[in-house]
Structures are given as structure tokens and as C-alpha cells.
Amino acid sequence: MKQLFIIGNWKSNKTVAETIEWLRFMKDKKSDVASLQNKTLIVCVPFTLLYTVSSYIKEYALSIKVGAQDISPFDEGAYTGEINGKQLKEFADYVIIGHSERRRYFQENDDVLGKKVILAKHYGLEPIYCVPDKTSDIPSGLSFVAYEPLDAISTSGAHPILPEEANAAAGKISVENQITHPLYGGSVTPENVNRYSAMHSIHGFLIGGASLDPAAFLSLAHHA
Ligand code: PGA
């Protein structure tokens, strides 16, 4: 049975209080979470929630890993407003890099994304690199790449693509770039996830909307 990575991306959502509610739900369902044997759960949260999430996961002994949603392209120093790799590594093991919303709203290009990948790896963070197109440039030496066609993302169109199409793209990305964990993202729900997870080349998911509700996220993991 292949190992599946179920990765929540909260985007710019949740306060500390709302986050604690999400974590308490997971604590109440702890044995359920632990029973997901071939599935690794990762939750990528805003910077302001990294401390809360990592502390509670430790305190509740939950089998959930923590990720950030972005990383500075610079190392520590005089870069007002930036959060660097060394700071992230205190709380997280993963970091999303190059999400289409970063590319679109913050004009992040391949050059800046390449710098982010180098610093993430330098500090021992596993990049979850996102590409909106199966022909996008991908830095070398990555393990996780998420194929997320723009229109398929729930907030920008919500036209999920066919599982066969997602599989073909994930397969192409994986073969051409030696990616061990090609992922798919875009309007994946508890109802449709098994159609994608059945596909040979898809090794996990990046989940936006459905990761905000802990019941939906857990149900999605069970159905994958
Ligand atoms: P969605 O988002 O699951 O809400 O479509 C996916 C993503 O943007 O990572």
C-alpha cells in the first residue's frame, strides 16, 4: 500500500481560539487519527499559529506534522516582515513554496522560489513545491511537488480536473523531475478523494477549503 500525504493548507484563516478548537477536535479523535496507518497528516498554518499548533500537537501527542505556508528568500537579518528558515524550523518540518496564490498576488517568480527552496533545505525543512502547470520549471532535488491547476482551486474556479488527467500530470512531473511524492491539489473533498488516491502516480493531496473543518479533514484522510 502506498504512503499517502494528506496536507492541509489553511491559507489566511483562523485565530488562535479557532485553532485550539480544531486541535481539541483532533484530540477527541486521537485514536482515529492514529489509525490512519498509511497516511501522513500535515497541517500548514499561518505564521501566527505555528507556536500554538506545534505546542498542542506535542501536548496531545497527535500524529500530525506541522508545516508553514511560506519562507523568506533571505536568511536571518534586516528583512522587515520576513520569517526565515531558521525561525520556521523551531516549529515546522515542512513548508509550502510557490503556491499559485503567492505567484499571483505577490509576484513570486522562479528565481525567488529557487532561493526559498535552497534556504528551506538548508534549515532542514521539507519543501512542498507547488506548480500550476505540468510544464512549470521545478528546482532540482525536491521530493514533494503538488500539481494544482489554477481553475481547480476552490476559491478560483472550482473545476476539479478528472482523476486521470491529474494522474497523467503527476506522472509526467514525477518522471521528468525524479519526484518521489507527486501530489494533487484543487477542490479535493471527502467525497471525491478516493477517485484521485486510486491513481497510480498520485501520492497525496494539498487540501485548502476542506482542511479548515477538522471533521472534513479527518473524513477526507479516511476516504483517501
Ligand atoms: P482547495 O485549495 O482545496 O480549497 O481547492 C487547494 C490549494 O489551494 O492548495
Side-chain angles (χ1 to χ4, degrees), residues 4-14 18-19 22 39-47 49-50 53 64-71 92-108 113 116-117 120 125-134 136 138 142-163 165-167 169-170 173-174 179 181-199 201-224:
L4 280 174
F5 290 80
I6 314 291
I7 308 172
N9 172 14
W10 286 2
K11 307 192 178 183
S12 189
N13 289 292
K14 290 197 191 294
E18 289 164 349
T19 297
W22 191 99
K39 289 154 194 168
T40 302
L41 296 191
I42 303 170
V43 63
C44 297
V45 304
F47 296 135
L49 303 174
L50 283 169
V53 169
I64 302 177
K65 302 201 178 298
V66 184
Q69 298 173 10
D70 191 23
I71 177 173
D93 288 317
Y94 295 84
V95 59
I96 296 174
I97 295 178
H99 191 279
S100 58
E101 287 149 16
R102 300 295 316 169
R103 295 172 190 259
R104 190 195 310 181
Y105 301 124
F106 304 96
Q107 291 76 47
E108 293 192 355
L113 298 176
K116 291 182 179 209
V117 166
L125 292 154
E126 184 68 57
I128 300 163
Y129 196 81
C130 303
V131 291
D133 200 290
K134 55 181 180 273
S136 304
I138 297 176
L142 292 168
S143 300
F144 292 83
V145 170
Y147 171 59
E148 299 206 302
L150 277 183
D151 279 0
I153 294 177
S154 66
T155 45
S156 67
H159 303 299
I161 62 169
L162 290 173
E165 230 181 300
N167 187 52
I173 287 169
S174 136
I179 302 300
H181 305 303
L183 315 170
Y184 171 67
S187 301
V188 179
T189 63
E191 292 73 35
N192 67 16
V193 68
N194 65 343
R195 297 176 52 220
Y196 294 95
S197 58
M199 295 287 137
S201 297
I202 298 179
H203 290 248
F205 304 97
L206 199 53
I207 315 290
S211 71
L212 294 171
D213 171 9
F217 190 53
L218 199 51
S219 157
L220 190 152
H222 275 292
H223 285 94

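Counting convention: from 1, in listed order, for ligands and their atoms alike.
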For ligand 1, which atoms have a heavy atom of Gly186 less than 4.0 angstrom away? 5 (O)

Quick one: look up the protein heavy atom nearest atom 3 (O) of ligand 1 and list residue, atom name and how far away it is. Gly208 N, 2.8 Å

Are any non-hydrogen side-chain atoms of Phe106 and Asp70 less than 4.5 angstrom apart? no

In ligand 1, the atoms that come under 4.0 Å of a heavy atom of Gly209 are 1 (P), 3 (O), 4 (O)

For atom 4 (O) of ligand 1, what's the nearest protein heavy-atom neighbour? Residue, atom name and distance, please. Ser154 OG, 2.5 Å

For Leu206, atoms of ligand 1 separated by under 4.0 Å from a heavy atom: 6 (C), 9 (O)

Side chain of Asn192, backbone of Ser187: donor and acceptor closer than 3.5 Å? yes

Could you tell me whether the side chain of Val45 reaches within less than 4.5 Å of the side chain of Lys14, counting heavy atoms only? no

Protein contact to atom 9 (O) of ligand 1 [nearest heavy atom, distance to 0.1 Å]: Glu148 OE2, 2.8 Å

Counting each atom of ligand 1 from 1 as listed, which ones have a heavy atom of Ser187 under 4.0 Å away? 1 (P), 3 (O), 5 (O)

Sub-4.0 Å atoms of ligand 1 with respect to non-hydrogen atoms of Asn9: 9 (O)

Assess Ala210 for proximity to ligand 1: is some non-hydrogen atom of it under 4.0 Å away? no

Aromatic rings Phe144 and Phe5: how do their planes relate, parallel, tilted or perpendicular, breaks at 30° and 60°? perpendicular

Contact between Ile179 and Tyr129 at the side-chain level, heavy atoms closer than 4.5 Å - yes or no? no

Just checking, is any N or O donor in the side chain of Asp133 or Ser136 under 3.5 Å from an acceptor N or O on the other one? no

Determine whether Trp22 and Val53 make a side-chain contact, defined as any pair of heavy atoms from C-beta on separated by less than 4.5 Å. no

